[in-house]
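To start, the structure itself, in structure tokens.
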Protein chains: 2
Amino acid sequence: VTFVLVAGSTETAAIDGISAAGETPATMAHTPAADAEIVAYGRPVFAPIVPVSPAGCPTPGVVTRAVRDLVEFDLVVADAGMAGETAAPTVAFGDEPGGDIRSPEPVAEAGAIRESARAFAAAHPDDELVIGETIPGGTTTAMGVLRALGESYGVSSSLPANPLDLKREVVADALAASDLAAGDLDGQPTEAIRRAGDPTLAASLGLLEGALERGASVTLAGGSQMLAVAALARHAGVTERFEIATTSFVAADDGVGIRAAADALDISLQVTDPEFEPGEHVATDHYLDGVAKEGVGMGGALRLAESAGVPKSAVKERLFERYGALVEDNGV
Amino acid sequence: VTFVLVAGSTETAAIDGISAAGETPATMAHTPAADAEIVAYGRPVFAPIVPVSPAGCPTPGVVTRAVRDLVEFDLVVADAGMAGETAAPTVAFGDEPGGDIRSPEPVAEAGAIRESARAFAAAHPDDELVIGETIPGGTTTAMGVLRALGESYGVSSSLPANPLDLKREVVADALAASDLAAGDLDGQPTEAIRRAGDPTLAASLGLLEGALERGASVTLAGGSQMLAVAALARHAGVTERFEIATTSFVAADDGVGIRAAADALDISLQVTDPEFEPGEHVATDHYLDGVAKEGVGMGGALRLAESAGVPKSAVKERLFERYGALVEDNGV
């Protein structure tokens, strides 16, 4: 199994109140680089922060890293427009962070990113790819492409109170900036990303397409954003079945309705409950309060652990150790 | 253990007769990218070739990859001016291939490459780094910096008949192009690389320095080029002990005299004999004829296998399987 972590940025994340993938907007710019380093090396190396939400919830990247300590898988970090410098080894598909989707062309490179990711996955030798993402603001850009495509699926949030009104407003402005009505880009996935998405969506779509075209199995590891990637693939004419693996926190979010969406898109949905228990640990209590929910491939990583027969208790034990080491190193 | 493969290019390799790290000069440009992909993925992905010598000897990268199948270690590919596109995830320390050392400034970026590699290794969490290289023409650039520093150590060759007269002539021209006499850059390692070296030497030196300054243990995995890196470190004032791990093929090369050189530089030398036997396999017979000898961290990988208690026979078995798969895929 190869886990591909697609890391990127969008200026959309800087809109006040849109994302919890960072303590402040300034630190949020480093979240993708830090997540990549945590999964690759166990802790930030060049990134100056450990990503936490404003409330102090540690990045789900720590869960993915904890699983990586217990289950063998290869890691590829795909750079799809990361803003901050990273010490993680990367394959670069995009050079530039995505722009604010309220501008006319937030992802000018969408076609090139999709194609280079497709070529990579088509040539990659592993029969099994798991694709995760880290991009603050990603649920808003996911909503942007879904509406441009004419899909009405909901999106989740890394905040306990999903700022859905704000997201709808931002997406309405995004479509207006490109003179589009919802559904105008039905069947035009690259165009939907170029006008209303972010670079990680282009890279994830290309990876999915390239792997499927050579008969590999693909798991999209995530929530709303991976649902958007799945919708983009169907709009691209991809007919093969593939899988979405997500957490029980996303599955429990009625605003998304991921089960119904997966059915409608003809996708297998795997939901894994990490069995966090109230009061067990400060690192996991936030999740029970609805913070973070998913990200950095957390649902896919939990699924890999389950498939390998690793007990939930072992994942949690490792997670608490990893979290403890991060707190010690960086004073989270 | 983290194995850092420093991959780069130098136009010096295009000098007729200087290197065997490619079937032809045109394919040689892809050797570092292909080596990185073979170690990362088991076979070339974007690189259009499997590196073989003109006589058909497969790259020592296949040995390193075979060991990676048997011994767990993390891999980081350091891009120090690779010429060809690679699908391997990389940390980039240099943007440009090195120039022909017969020009005045073949590695204009030497200082910046050394510093970014140093910063990376200083921040990396692993206590044990193994540093290998892949750069066609690298023994000639190694000789260039050794002479600029005033060191008279010999260098090996990937060819059975080392074209030493040609290398000496190229190095003499290199020094002349910078108005230098041998030894003029005593104590000036960056300057020696900038005037007569290649980008992988700058990256390897920086990695060594950064890891040693935080007390990590470092093994330079290779022959002549790693000897040059060791000399550069001593000229940089590095006093800590570290290790060179190389193959018995390099150790048997009297033109190098690596044992005496290691003693003079106060470096532990680990020599590993892969126990290839005549007539055993086409992939290994070339080595017994003096082709390749070392490269892509082969000596360090063999050492890791030995330390992990993996028998030589298991390494060879895996090597023959990997070689067979490459032949099947790419018609080597």
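Below, read A as the first sequence line, B as the second, and so on, with proteins coming before strands; counting in each chain starts at 1.
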If one checks every heavy atom of A:F46 against chain B at 4.5 Å, the contacting part turns out to be side chain
Check: B:D198/B:T10 side-chain N/O donor and acceptor closer than 3.5 Å:
no
Has A:E37 got a side-chain atom pairing as donor or acceptor with A:V45's backbone, closer than 3.5 angstrom? yes
Bottom line for A:D79: the part with an atom under 4.5 Å from chain B's heavy atoms is neither
Q) Between B:D35 and B:T134, is there a donor-acceptor pair closer than 3.5 Å when you use the side chain of the first and the backbone of the second? A) no
Considering only heavy atoms from C-beta outward, does the side chain of B:T31 approach that of B:T59 to under 4.5 Å?
no
If one checks every heavy atom of A:A88 against chain B at 4.5 Å, the contacting part turns out to be backbone
